[in-house]
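Read through the structure below, which is laid out as structure tokens, and then see the notes.
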2 protein chains.
Amino acid sequence: MTEKQQQDIYPSMTITTDQSEQKIAPIKLGERLKEIRTTLGLTLEEASQKTGLARSTLSKIENEQISPTFQAMQKLTDGLQIDIPQLFAAPKQMNTTGRRDITRNELGKPHPTSTYEHELLATQLTNKKMMPFKSQIRARSFDAYGDWIRHDGEEFLLVLSGEITFFSEYYEPVNLSEGDSVYYDANMGHMLISVSEEDASIIWVTAS
Amino acid sequence: MTEKQQQDIYPSMTITTDQSEQKIAPIKLGERLKEIRTTLGLTLEEASQKTGLARSTLSKIENEQISPTFQAMQKLTDGLQIDIPQLFAAPKQMNTTGRRDITRNELGKPHPTSTYEHELLATQLTNKKMMPFKSQIRARSFDAYGDWIRHDGEEFLLVLSGEITFFSEYYEPVNLSEGDSVYYDANMGHMLISVSEEDASIIWVTAS
DNA sequence: ATAAAAAGTTTCCTTTTGGAAACTTTTTAT
DNA sequence: ATAAAAAGTTTCCAAAAGGAAACTTTTTAT
């Protein structure tokens, strides 16, 4: 692609209004999309499958050869499970007396269930606002025995390793990999399974 | 949380993996745009002047006859001086009883400070009981500028990678490595430094 | 080092967007 | 109530997006 074409697609143009001149800051949507896709570990083909947009189209969007329609962008955000504002977010940069309770790695209070291993963290403190756990979900097993898990309060969950699928009552199942997280109302039915070969390790925190 | 409550979290269950397809409410961009334009008291002609889009084009977008390209949407948001999120603000939450917010790895909302990189997670949901963050602490740097950090509520922190020292007002400093965690009252002065060669990565959750 | 496979890009073509102007509907003035 | 003006919609066409497949580059396997 030529420099000319790029200019044509995202010109830094000025529009004259009754008040003043305003510059349209060229947002590098393509760059951003590529960043997101690669962060999700997807190839163009996989992204194509998830979004329903042709591989070629995705390539052209990423290389700023075309400007996607709103329709296309919805397919993107829907398929990749991201929010539109994220698409537009500027590329991220790389780069009293008190109580205190340390829990060393692997040394939480065990709380086994039939299908997975829970470890309660910070058990020395009582009357906490939050309850943190670390759990191992054995490969290809459910964390529940079939029915939705449901309880008061809110829950935050982050995947430390492995890959899980997060099922919930009102949403599509979604795959979560290392570093991905989800926050949800815990009275909405929810359930996890580990979908990778290895066991999955997660931490989660509840608050009511 | 009590032992009783934990029992409630994992009741005995029977299998019913309901993966019913639930479509996310399509955003009515046209409707939304018309709402915005009329709220601003603009005619199509005036909006056309401000945005540089033809009157006919605006009409067609508002009546959902065409799907605007990203380019066109930029002209819209820039010309009407509105935020992208405003354009996409869903008219109303679906009939869901539950809320859910996925944050992909590295795709939280950046919140840089002078000494370390915060990433807010689950920023789509408001009125949450908890606030989850992921942070990178640069090797050998403080997370604060000398004085204690102090704020309302409680905090839970877990080290994802690297090694940090956790200082707090009423306790001896303590080293935390991967997998270690600490729960503390946040109104007790606290502070972190990264003590290994590599940057440290932590997740932390606050609740007030 | 080479072949095969996978990932990514470009080409070619069809469909759809976006703009100018014609047309229709609504509002304002008399 | 009617004419004129303003606002909004539709038509027509040029320009750009989206998809299938050919093509090129990169990665993996031998």
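Chain letters run A, B, ... following the sequence lines, proteins first, then strands; residues in each count from 1.
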Are any of the side-chain heavy atoms of [X] and [Y] separated by less than 4.5 Å?
| X | Y | answer |
| --- | --- | --- |
| B:His190 | B:His151 | yes |
| A:Phe156 | B:Met131 | no |
| A:Val205 | A:Phe133 | no |

> Side-chain donor-acceptor pair under 3.5 Å between B:Tyr183 and B:Glu155, yes or no?
Replying inline: no
>> Any donor-acceptor pair under 3.5 Å linking the side-chain atoms of B:His118 with those of B:Ser135?
In response: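 Yes - a donor-acceptor pair under 3.5 Å links their side chains.
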Donor-acceptor contacts under 3.5 Å from residues 40-48 of chain A side chains, at least two apart:
residue	atom	partner	partner atom	Å
A:Thr43	OG1	A:Glu45	N	3.4
A:Thr43	OG1	A:Glu46	N	3.1
A:Glu45	OE1	A:Arg55	NH1	3.3
A:Glu45	OE2	A:Gln49	NE2	2.9
A:Glu46	OE1	A:Thr43	N	2.8
A:Ser48	OG	A:Leu53	O	2.7

> On DNA chain D, nearest-nucleotide positions of A:Gln71 versus B:Thr38: which is more 5'?
Replying inline: B:Thr38
>> Base contacts versus sugar-phosphate-only contacts with protein, heavy atoms under 4.0 Å: please encode nucleotides 9-14 of chain D as B, S and - from 5' to 3'.
In response: BBB---
Between [N] atom [atom2] and [X] atom [atom1], what is the distance in whole Å?
| X | N | atom1 | atom2 | result |
| --- | --- | --- | --- | --- |
| B:Glu64 | C:dT16 | CD | C1' | 16 Å |
| B:Lys75 | C:dT17 | NZ | C1' | 12 Å |
| A:Leu58 | C:dA7 | CG | C1' | 13 Å |
| A:Ile61 | D:dA17 | CD1 | P | 10 Å |
| A:Glu45 | D:dA20 | CD | P | 11 Å |
| A:Phe70 | C:dG18 | CZ | P | 13 Å |

> What do you reckon, is CG of A:Asp152 surrounded by more than 12 foreign heavy atoms closer than 6.0 Å?
Replying inline: no
> Taking OP1 and OP2 of C:dG18, is either one under 4.0 Å from a side-chain nitrogen or oxygen of B:Thr69?
Replying inline: yes
> Sub-3.5 Å donor-acceptor pair from the side chain of B:Ser67 to the main-chain atoms of A:Thr69, do we have one?
Replying inline: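 No, because the side chain of B:Ser67 does not come within donor-acceptor range (under 3.5 Å) of the backbone of A:Thr69.
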> Under a 3.5 Å cutoff on both atom distances, Watson-Crick or G-U, what's the dot-bracket for DNA chain C ([ ] crossing, | other strand)?
Replying inline: ||||||||||||||||||||||||||||||
> How is B:Leu53 classified with respect to the nucleic acid when contacts are heavy atoms under 4.0 Å: base, sugar-phosphate, or nothing?
Replying inline: sugar-phosphate
>> The side chain of A:Thr43 is closest to which nucleotide in this list: C:dA20, C:dT17, C:dG8?
In response: C:dG8
>> Would you call the rings of B:Phe166 and B:Tyr184 parallel, tilted or perpendicular, taking 30° and 60° as the class edges?
In response: tilted
